[in-house]
Amino acid sequence: MAKERAVESNEQCTHVMEGKQVPRKSVSSTLLELTEKAKRQRKYRFRSLYREIDLRMLYDSFMLLKPRAAAGVDGVDWHEYAKDLDANLSDLLERLKTHRYRAKKIRRKYIPKASGKLRALGMPTLEDKIVQMSAGRLLEAIYEPDFSDNSMGYRPNRGAREASQKLRDELFFGRVHWIVEADIKGFFDHMDHD
């Protein structure tokens with residue numbers, strides 16, 4: 001499957017790559033290599049991951065974003081950014097490589113909760129999302145092998161749905177003596193952030 005994805009990634013990226021100095025190695029093969037190294041050498045300290053963010057990585061990360069997501073403080077949405085994608089990504093890469101890239105402020109929006117309180121949402125700019133996606137994919141490739149298979153939530157193929165299915169299977173087919181449910185009300189509102 002990884003090989004098929006790499007070929008597909010290469011085919012998708014060709015219009016971005018014309019006339020540019022772009023590594024021929026696919027993003028998926030880079031991520032697989034990082035994962036394999038993390039598995040083989042558990043004590044290895046990865047350095048200079050910054051160089052792994054290239055034009056192909058930025059393009060792939062852009063394509064993974066939701067086109068209908070809200071814009072950040074700059075008002076640029078996915079479709080507007082895509083109109084001049086090659087130039088936008090090349091400029092972003094140049095700013096990253098020369099350390100001139102700075103994340104912009106996050107747009108805040110408050111949505112009502114069932115309890116009558118408001119929940120704050122932060123909406124980064126599209127470029128910030130692209131950079132975050134790229135960095136997240138690199139870090140995920142390195143740290144995912146360290147997690148326990150029982151650790152669920154905000155992990156690839158181990159989200160809330162998979163957690164509830166695993167719980168269902170354990171309850172129906174496993175040996176269960178006690179079930180304890182706990183909910184820490186307003187945990188992040190009351191924890192010491194320092």
Exercise. Would Lys37 and Tyr44 satisfy side-chain contact (heavy atoms from CB on, under 4.5 Å), going step by step from the backbone distance to the final call?
Worked result: CA-CA 8 Å; Lys37 185 158 191 151; Tyr44 184 81; 3.6 Å; yes
For this session: Taking atom CZ of Arg100 as the centre, report whether more than 12 heavy atoms of other residues, nucleotides or ligands fall under 6.0 Å from it.
Result: yes
Exercise. Any chance NZ of Lys166 has more than 12 other-residue heavy atoms, nucleotides or ligands included, within less than 6.0 Å?
Worked result: yes
Exercise. Could you walk me through whether Leu49 and Leu34 pass the side-chain contact (heavy atoms from CB on, under 4.5 Å) check?
Worked result: CA-CA 10 Å; Leu49 289 174; Leu34 287 172; 4.1 Å; yes
Side chains of [X] and [Y], heavy atoms from C-beta outward: is any pair under 4.5 Å?
| X | Y | answer |
| --- | --- | --- |
| Arg119 | Leu121 | yes |
| Arg102 | Lys104 | no |
| Glu127 | Tyr81 | yes |

Linked, directly or transitively: [X] and [Y] (ILVMFWY side chains, under 4.5 Å):
| X | Y | answer |
| --- | --- | --- |
| Tyr143 | Met133 | yes |
| Leu96 | Leu55 | yes |
| Leu167 | Val176 | yes |
| Val73 | Ile111 | no |
| Met123 | Leu118 | no |

For this session: With sequence neighbours excluded, tell me which residues meet salt bridge (Lys or Arg N to Asp or Glu O under 4.0 Å) with Glu36.
Result: Lys39
For this session: Please name all residues satisfying salt bridge (Lys or Arg N to Asp or Glu O under 4.0 Å) with Asp91, sequence neighbours left out, ordered by chain then number.
Result: Arg95
Distance in Å, [X] [atom1] paired with [Y] [atom2], rounded so as to fall on 0.5 Å steps:
| X | Y | atom1 | atom2 | result |
| --- | --- | --- | --- | --- |
| Ile106 | Asp128 | CD1 | CG | 7.5 Å |
| Asp54 | Met57 | CG | CE | 6.5 Å |
| Ser61 | Lys129 | OG | NZ | 13.5 Å |
| Leu85 | Glu80 | CG | CD | 13.0 Å |
| Lys97 | Glu94 | NZ | CD | 8.5 Å |
| Arg137 | Leu64 | CZ | CG | 5.0 Å |

Problem set entry | All pairs passing ring pair (Phe, Tyr, Trp, His ring centres under 6.0 Å) where residues 90-133 contributes a residue, at least two apart | Tyr50-His99
For this session: Check step by step if salt bridge (charged side-chain N to carboxylate O under 4.0 Å, His left out) holds for Arg42 and Asp146.
Result: CA-CA 8 Å; Arg42 301 193 64 74; Asp146 293 340; 3.4 Å; yes
Give the minimum heavy-atom separation between [X] and [Y], together with the two atoms involved.
| X | Y | result |
| --- | --- | --- |
| Ile53 | Ala135 | CD1-N, 4.4 Å |
| Phe46 | Ala38 | CZ-N, 3.8 Å |
| Leu65 | Trp78 | O-NE1, 3.9 Å |

